[in-house]
Amino acid sequence: MRSALGGPRLLLRRLREVMADPVSAQVRLDKIVVHIASNMVAEVCSVYVLRDDSRLELFATEGLNREAVHLTTMRSGEGLVGRIAETAEALALSDAQSHPAFSYKPETGEEIYQSFLGVPILRGGSTLGVLVVQNKARRTYSEEEVEALETTAMVLAEMVATGELQSIARPGAEIANRRHMSLHGIAVADGVGLGHVVLHEPRVTIKQLIAEDPAREEARLDAALESVRHNIDLLVDRGNAAGAGEHREVLETFRMFAHDRGWLRRLREAIGSGLTAEAAVERVQNDARAKLARRTDPYLRERLHDLDDLANRLLHELTGESFVVSHEQMPDNAIIVARAMGPAALLDYDRKKLRGLVLEDGGASSHVAIVARAIGIPMVGDVTNVTDLVETGDAIIIDGSTGDVELRPQPDVQSAYAEKARLRARRQEQYHKLRDVPCVTKDGVKIGLHMNAGLLIDLPHVAETRAQSIGLFRTELQFMVAAQFPRGEQQYQLYKSVMDALPDTPVTFRTLDIGGDKILPYMSRLEEDNPALGWRAIRIGLDRPGLLRTQLRAMLRAGAGRDLRIMFPMVATASEIDAAKDLTMREIMHLTRHGYELPRDLKLGIMIEVPSVLFALDEILPRVDFVSVGSNDLTQYLFAADRDNKRVATRFDPLSPSMLRALKTITDKAAVHGTSVTLCGEMGGKPLDALALIGIGYRNLSMSPASLGPVKAMLLALDAGEAQAFIADKLAGTSGADSIREDLRSFAEAKGVPL
Ligand code: PEP
Ligand code: MG
């Protein structure tokens with residue numbers, strides 16, 4: 001069997017020589033088709049390349065009329081060649097003309113050829129073109145010949161992918177894989193980023209396609225498989241505490257694939273055809289991708305991702321290439337493209353070189369999104385298939401405020417975005433100038449602007465923006481970016497570092513708000529049918545007092561001799577406040593007993609984000625020093641609409657009369673009880689929503705650093721009294737409108753308030 005396969009190996013060796021020749025792309029391609037035709041004993045060999053107008057263009061031929069090169073084209077789906085491109089599957093026919101899809105181009109002179117064998121030229125799950133051999137006589141192409149041609153097509157895929165063929169394409173017709181593409185995802189973190197693609201966990205570039213010694217390649221494959229399997233077993237055995245955020249289910253799937261007989265057989269066959277072990281993995285994976293990528297079943301697509309990851313692991317094992325891009329390889333304007341990414345991985349990149357992040361999976365509330373916002377890079381999430389569509393080094397532009405991604409942009413698109421980025425920078429400069437202007441509305445109402453934070457990397461923003469305080473410090477972020485559960489001492493170190501870094505800025509530390517959408521990779525996950533309504537935040541803290549007391553102790557120690565503010569999330573009843581205060585008192589007693597210095601002043605508060613609190617304000621407000629409204633969760637619970645479910649997350653507008661009335665109840669009651677109130681949800685950071693909040697009595701807003709400038713610019717131009725009258729009128733009405741957003745926008749426009 002092996003000796004019969006000397007043919008393909010010889011061909012691959014020839015092709016390697018041709019690839020190394022210092023000749024033009026056309027000459028190279030012309031030589032390649034001659035070699036293939038002769039090696040496969042075919043009269044014709046032709047290469048068709050897919051253009052960005054979805055037509056396949058004849059780029060080279062041995063056997064057909066040479067004049068047809070760069071002239072003959074066909075639609076994807078048209079004729080046999082078009083069908084191969086469309087289905088991404090090989091087609092072998094002994095009597096091509098009797099096939100229903102057969103159509104013929106007179107200028108090529110192909111009517112005299114009876115047999116036809118065509119294979120797709122594939123890369124990363126997309127079809128780049130079609131490679132065809134034809135014979136005059138009727139003949140049946142063997143399975144080995146089909147595979148040999150598929151292997152040969154990999155060489156051509158490399159040529160197309162490098163962009164080498166673009167120079168010989170007909171003027172005006174770009175080849176498909178270099179074409180400009182506009183993609184769309186979810187706007188996650190604001191900003192415009194222009195740069196070049198860096199693939200996180202990059203695909204391995206295979207330098208050696210053709211094997212010198214097949215037996216050695218088999219041995220290399222076995223060793224690599226053994227090592228990958230071993231690593232997976234280790235991860236599975238570590239059980240739920242699996243490293244790197246990988247869940248057991250994914251690992252089990254990996255393990256299943258790693259032992260899959262069919263997969264292993266295909267790998268060995270590919271090596272048998274003359275490929276190196278790494279080229280064999282790529283080859284088999286290309287086929288799997290082409291077959292599965294066209295399936296719409298989400299389960300199968302998910303399996304494809306798993307299989308891709310496994311193949312990628314195997315390739316890294318075989319080539320010894322590192323999984324992460326080295327600092328030297330990072331361009332100065334890197335836009336990271338990944339299927340999914342954890343927050344810690346993003347922090348590993350050199351921040352000075354990061355210009356943006358694009359993910360296939362990962363929306364606005366993913367943990368990596370929090371980090372992207374904190375370090376101020378734009379991010380777009382949920383971009384279908386993006387890792388398959390890009391090549392490392394491709395030019396790319398992302399707009400984190402619209403969710404648009406422009407891949408390989410044309411010069412006009414590029415300059416339009418460059419202008420947008422310049423405009424943003426100019427606006428940023430103007431906001432910057434406003435930072436020392438006191439935040440007072442036109443009619444003299446003082447508004448407190450505060451900042452949300454959660455990591456040390458957030459802190460420099462306080463000085464940049466002159467935020468009055470940190471109105472919300474999300475302590476769970478430390479837990480979410482860590483590889484293991486942070487111990488009390490580590491918690492203490494973080495809180496102390498924050499207070500040391502900001503000696504004159506009050507910080508409101510919120511106790512752990514985990515559960516629901518906030519999952520810790522190293523903690524076993526409770527299977528709950530409704531996690532948003534489940535065991536989370538203060539509920540965990542009260543049921544596992546050891547956890548909450550450790551954190552309270554860390555906060556109290558960090559606040560020694562200073563003013564300390566602690567806030568409890570997700571409180572639903574007055575008794576929960578009593579219980580939380582009780583735990584705090586016990587910690588204070590414990591620290592006193594052990595001679596620790598206590599905070600100079602301690603203020604305790606709660607988040608208002610569960611609707612039950614709205615109807616217990618008279619009991620709740622007297623129990624606390626302050627409250628902060630979590631409008632993100634309050635909106636989700638008030639409308640019974642999951643904040644992370646794309647279908648419903650934006651269905652209801654927080655600027656609806658019902659939500660605004662609910663919010664107004666809080667400020668009204670807080671005024672009666674003399675309790676200080678802040679709002680720290682996303683609403684506060686949007687100028688129009690903030691305008692509404694001022695109109696219903698809010699005087700303190702806490703938001704992400706990037707929002708402080710735009711909100712302040714709005715406030716300086718606003719007459720709070722006018723806003724109040726306008727909204728009171730709207731809320732008194734009974735129009736039944738779902739939202740007052742448009743009315744409010746017109747109001748702002750008429751009054752010259754910038755939004
Ligand atoms: C909120 O719910 O509005 C809030 C500020 O808390 P988080 O977004 O962290 O749940
Ligand atoms: Mg919340």
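Please read these numbers as outputs of a predicted model, since none were measured by experiment. For ligands, and for the atoms within them, numbers begin at 1 and follow the listed sequence.
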Atoms in ligand 1 flagged as close to [X], the criterion being non-hydrogen separation under 4.0 Å:
| X | result |
| --- | --- |
| Arg643 | 2 (O), 7 (P), 8 (O), 10 (O) |
| Glu609 | 1 (C), 2 (O), 6 (O) |
| Cys680 | 5 (C) |
| Met607 | 4 (C), 5 (C), 6 (O) |

Legend entry - Nearest non-hydrogen protein atom, atom 7 (P) of ligand 1: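 Protein heavy atom at minimum distance: Lys518 NZ, 3.4 Å.
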Inset, instruction - Name the closest protein heavy atom to atom 3 (O) of ligand 1, giving the residue it belongs to and the distance to 0.1 Å. - result: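 The closest one turns out to be Asn632 N, 2.7 Å.
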Inset, instruction - Assign the ring pair Phe639 / Phe652 to parallel, tilted or perpendicular, where the plane angle (0 to 90°) is split at 30° and 60°. - result: parallel
Does ligand 1 have a heavy atom under 4.0 Å from the side chain of [X], from its backbone, from both, or from neither?
| X | value |
| --- | --- |
| Gln636 | neither |
| Asp513 | side chain |
| Arg510 | side chain |

Inset, instruction - Kindly confirm or rule out an N or O of Glu682 lying under 3.5 angstrom from an N or O of ligand 1. - result: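 No.
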Check: [Y] main-chain N/O paired with [X] side-chain donor or acceptor under 3.5 Å:
| X | Y | result |
| --- | --- | --- |
| Asp719 | Gly721 | yes |
| Asp582 | Asp578 | no |
| Arg351 | Leu347 | no |

Inset, instruction - May I ask you to check whether Asp653 and Ser739 show a side-chain donor-acceptor distance below 3.5 Å? - result: yes
Legend entry - Residues Gln551 and Thr475: side-chain donor-acceptor under 3.5 angstrom: yes
Salt-bridge criterion met for [X] and [Y] (N-O under 4.0 Å):
| X | Y | answer |
| --- | --- | --- |
| Asp601 | Lys603 | yes |
| Arg562 | Asp500 | yes |
| Glu476 | Arg510 | yes |

Inset, instruction - Return the number of protein N, O or S atoms with a distance to the Mg ion (ligand 2) smaller than 2.8 Å. - result: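 Excluding waters, the total comes to 2.
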Inset, instruction - Evaluate the criterion salt bridge (Lys or Arg N to Asp or Glu O under 4.0 Å) for residue pair Arg466 and Asp436; output intermediate values, then yes/no. - result: CA-CA 7 Å; Arg466 305 275 201 272; Asp436 289 322; 2.7 Å; yes
Legend entry - Shortest non-hydrogen contact between Leu533 and Arg539, atoms and distance: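 Minimum heavy-atom separation between Leu533 and Arg539: O-NH1, 3.7 Å.
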